[in-house]
Amino acid sequence: MKRNNWVYFCSLAVAILLAACLPVANQDQTPAKAFTTEAPAGAYTLDPSHADLSFRVSHLGFSVYTARFAEFTAELYFDPTTPTAMRVNATIDPRSLVLPSPPEGFLDTLLGPQWLDTAQYPLISFRSTGVETGAGRALRITGDLTLHGVTKPVVLDATFNGGYAGHPLDPHGRIGFSARGMFKRSDFGISVGIPAPGSTMGVGDDL
């Protein structure tokens, strides 16, 4: 039975696209640290009004271009007593790309065959494969990112921001996470415009 719980995701890098799978234990086999929260364990779904999915890339070496996706979903199995048992599933519609003051035709170029090629690859996704706990409320999420028809492993550095079980004005359990990750777009077959070695003239490979 689906719970009426919500999860907030803030400042997510483009790598956040996730699908549930079996988690793996901490590599050092030390017991996972529990999170202190009144939010119950269970299935949570994304609250789009409190979520952001942005990415940044170097442009010509002297500016950082920032854009975001407007349409994405996520589902999270949350377990505050055993964070390593958590798993997350998220998908992005790349056609929902939002650009800051784009020149005429620029959005169509990025959605076209040289870049995201949304006609052939209409979905981006991420499949979590493991969660490790760190200091405080820090987490390390490993998973498989599928972008531009290519699947590669990525790592997200995440933070549990807290949550609550609900109250009279808002009966739903809510939790919040922030996460960041980095990957090379060329690993996913998107290599147009990458600067030549020793140069910054172009669009960076690192997202």
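Residue indices begin at 1 and follow the sequence shown. Just so you know, these numbers use all the heavy atoms, side chains as well, and skip hydrogens, waters and symmetry mates.
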Taking His148 for its side chain and Trp115 for its backbone only, find out whether a donor-acceptor pair lies under 3.5 Å. yes

Measuring from Phe62:CZ to Met201:CE, what's the distance to the nearest 0.5 Å? 7.0 Å

Would you name the heavy atoms of Asp93 and Phe69 that are closest together and state the gap between them? O-CD2, 3.9 Å

How about Phe160 and Phe78: are their ring centres within less than 6.0 Å of each other? yes

Check the pair Leu145, Ile124 against side chain to side chain contact (heavy atoms under 4.5 Å, CB included), reporting the backbone distance first and the verdict last. CA-CA 8 Å; Leu145 171 64; Ile124 302 171; 4.0 Å; yes

Check this for me: Arg137, atom CZ, are more than 12 non-hydrogen atoms of other residues, nucleotides or ligands nearer than 6.0 Å? yes

Once you round to the nearest 0.5 Å, how far does CG of Leu116 lie from CZ of Arg95? 11.5 Å

Would you sort out whether Thr200 and Ser58 count as a side chain to side chain contact (heavy atoms under 4.5 Å, CB included), showing the intermediate values? CA-CA 9 Å; Thr200 60; Ser58 174; 5.9 Å; no

I'd like to know if Lys184 pairs up with Asp206 as an ion pair, taking the criterion as any Lys NZ or Arg NE/NH1/NH2 lying under 4.0 Å from an Asp or Glu carboxylate oxygen. yes

Is it the case that the side chain of Asp205 and the backbone of Ser186 share a donor-acceptor pair, with hydrogens and angles ignored and the cut-off at 3.5 Å? yes

Identify the two heavy atoms, one from Tyr164 and one from Asp170, that lie closest to each other, and give their separation to 0.1 Å. OH-OD2, 2.7 Å

May I ask you to check whether Thr91 and Thr73 show a side-chain donor-acceptor distance below 3.5 Å? yes

Would you say Tyr121 and Pro94 make side-chain contact, with heavy atoms under 4.5 Å? no

Does the side chain of Asp144 come under 3.5 Å of the side chain of Thr129 through a donor N or O and an acceptor N or O? no

Backbone N/O of Thr146 and side chain of Arg127: donor-acceptor pair under 3.5 Å: no

Can you confirm whether Arg185 sits close enough to Leu147 that some side-chain heavy atom of one is under 4.5 Å from a side-chain heavy atom of the other? no

How are the rings of His59 and Tyr65 set to each other: parallel, tilted or perpendicular (split at 30° and 60°)? perpendicular

Show, in sequence, the C-alpha distance, side-chain angles and deciding distance for Leu107 and Leu97, and conclude whether the side chain to side chain contact (heavy atoms under 4.5 Å, CB included) test is met. CA-CA 8 Å; Leu107 177 59; Leu97 180 64; 4.0 Å; yes

Counting distance only, does the side-chain N/O of Arg140 pair as donor-acceptor with the main-chain N or O of Glu132 below 3.5 Å? no

Would Met86 and Asp79 satisfy side chain to side chain contact (heavy atoms under 4.5 Å, CB included), going step by step from the backbone distance to the final call? CA-CA 6 Å; Met86 295 191 298; Asp79 186 347; 4.2 Å; yes

Taking the side chain as every heavy atom from C-beta outward, state whether Thr66 and Arg56 have any pair of such atoms under 4.5 Å apart. yes

Within the structure provided, determine whether Leu139 and Thr159 are in side-chain contact (heavy-atom separation under 4.5 Å). no

Residue pair Phe72 / Ile92: nearest heavy atoms and the distance that separates them: CB-CG1, 3.8 Å

Could you tell me whether a side-chain N or O of Ser128 sits under 3.5 Å from a main-chain N or O of Val88, the two making a donor and an acceptor? yes

Side-chain donor or acceptor of Thr118 paired with backbone N/O of Leu111 under 3.5 Å: yes

For Ala165 and Pro40, the nearest pair of non-hydrogen atoms, with its separation, is CA-CD, 4.0 Å

Between atom OG1 of Thr37 and atom CZ of Arg174, what is the distance when rounded to the nearest 0.5 Å? 13.5 Å

Can you see which heavy atom on Ala39 is nearest to which on Pro80, and at what distance? O-CG, 3.9 Å

